[in-house]
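Below is one structure, written out as structure tokens, with a few remarks after it.
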Amino acid sequence: MCTGACSKFIAVPLYVLAAVSVICNIMLFFPDFDTKFAADDREGQDRITQEVKYMGGLIGGGIMILIPAIHIHLTSTKNCCANRCGMFLSIGFAAAGVVGAVYSLSVASLGLSNGPLCLWDNANSTIPKWGTPFANSDSGYLSDKEMWKWCKLPENVVEFNVGLFATLLVAACLELVLCVIQMVNGLFGCICGTCSGKEVRQEQTQGFSVVEIN
């Protein structure tokens with residue numbers, strides 16, 4: 001497979017993963033699919049999980065992946081960045097994608113580790129209050145679903161956050177792998193060109209034929 005075709009193979013999944021990251025991050029602002037908590041948070045009351053506000057999925061896994069994906073895709077099209085210079089630039093864009101993926105991965109990991117912000121109580125704290133009850137649990141709440149009942153509002157917020165942050169985590173890991181592969185692919189493309197030697201010879205042969213006919 002030539003490096004140009006490999007770039008296309010990498011770019012298309014990056015588009016999908018960037019879209020998934022953006023959608024997940026936006027959904028996290030509306031726990032239980034309710035806008036009330038986002039509105040209350042905007043008025044100064046802490047109602048949205050802090051890691052959601054870092055916008056790892058929107059900025060890191062979204063925008064910082066989408067821009068490199070566009071350039072990487074262009075390197076796979078004939079006569080449009082499909083040259084050594086384009087492949088060299090794709091290394092830099094892919095590196096920016098790596099940074100974005102790492103940021104999204106870090107935020108998602110932190111979100112899973114600390115758990116959601118919610119109105120909670122338990123046997124040791126019978127007065128309901130807003131906070132992050134799982135922040136000091138060393139992520140033990142992930143395997144203990146009985147602890148999820150501590151959160152009263154928003155309803156099902158633990159399942160909601162775990163599902164979306166886990167999706168962001170997986171998407172970020174895949175983005176990271178694809179961007180690293182593109183850095184290697186870009187290096188080969190920069191050194192060897194975007195097409196295999198056979199393809200280059202075919203293009204040269206076709207060029208000579210045109211000249212002879214003329």
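Index from 1, following the sequence.
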Atom NZ of Lys152: over 12 foreign heavy atoms under 6.0 Å =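 It does: Lys152 NZ has more than 12 such atoms within range.
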Straight-line distance of [X] [atom1] to [Y] [atom2], nearest 0.5 Å:
X      : Y      : atom1 : atom2 : value
Ile72  : Leu89  : CD1   : CG    : 11.5 Å
Thr167 : Ile23  : OG1   : CD1   : 11.0 Å
Cys179 : Asn185 : SG    : CG    : 12.0 Å
Tyr15  : Leu66  : OH    : CG    : 7.0 Å
Phe29  : Leu58  : CZ    : CG    : 7.5 Å
Glu155 : Leu119 : CD    : CG    : 11.5 Å

Using a 3.5 Å distance criterion without hydrogens, assess whether the side chain of [X] forms a donor-acceptor pair with backbone atoms of [Y].
X      : Y      : value
Ser90  : Gly186 : no
Asp40  : Arg47  : no
Ser109 : Leu105 : yes
Asp32  : Asp34  : no

Do we see a donor-acceptor contact under 3.5 Å between the side chains of Ser104 and Glu175?
-> no
Test item: [X] and [Y] side chains (from C-beta on) under 4.5 Å apart, heavy atoms:
X      : Y      : answer
Met183 : Val98  : yes
Pro133 : Cys151 : yes
Val162 : Glu159 : no
Leu17  : Ile65  : no
Leu28  : Thr49  : no
Leu110 : Asn114 : yes
Ser106 : Val102 : yes

Please find out if less than 6.0 Å separates the ring center of Tyr103 from that of Tyr54.
-> no
Can a salt bridge be assigned to the pair Lys129 and Asp121 using a cut-off of 4.0 Å between side-chain N and carboxylate O?
-> no
Test side-chain contact (heavy atoms from CB on, under 4.5 Å) on Tyr141 and Trp148 and set out the steps.
-> CA-CA 7 Å; Tyr141 79 98; Trp148 295 11; 3.7 Å; yes
For the pair Thr132 and Trp120, evaluate side-chain contact (heavy atoms from CB on, under 4.5 Å) and give the outcome as yes or no after the intermediate values.
-> CA-CA 8 Å; Thr132 52; Trp120 69 281; over 6 Å; no
[X] to [Y] - nearest heavy-atom pair and separation:
X     : Y     : result
Ile63 : Pro68 : O-CD, 4.3 Å
Ala96 : Met64 : O-CE, 3.6 Å
Ser21 : Gly57 : CB-O, 3.4 Å

Pair Glu51-Phe165, side-chain contact (heavy atoms from CB on, under 4.5 Å): steps then yes or no = CA-CA 10 Å; Glu51 288 76 20; Phe165 272 125; 4.0 Å; yes
Whether Phe134 and Trp150 hold their rings parallel, tilted or perpendicular, with breakpoints at 30° and 60° = parallel
Parallel, tilted or perpendicular for His71 and Phe93, by the 30°/60° rule?
-> parallel
Taking [Y] as the starting point, is it possible to reach [X] by hopping between hydrophobic residues whose side chains are less than 4.5 Å apart?
X      : Y     : answer
Leu168 : Ile59 : yes
Val16  : Leu74 : no
Val52  : Ile26 : yes
Val99  : Met55 : yes
Val170 : Leu14 : yes

Of Leu164, Val107, Leu174, Leu112, which is the lone residue that meets side-chain contact (heavy atoms from CB on, under 4.5 Å) with Leu169?
-> Leu112
After noting the C-alpha distance and the side-chain angles of Phe160 and Phe33, does the key distance pass the ring pair (Phe, Tyr, Trp, His ring centres under 6.0 Å) rule?
-> CA-CA 9 Å; Phe160 189 82; Phe33 302 102; 5.3 Å; yes
Decide yes or no on side-chain contact (heavy atoms from CB on, under 4.5 Å) for Asp46 and Trp130, but give the supporting numbers first.
-> CA-CA 8 Å; Asp46 286 336; Trp130 285 92; over 6 Å; no
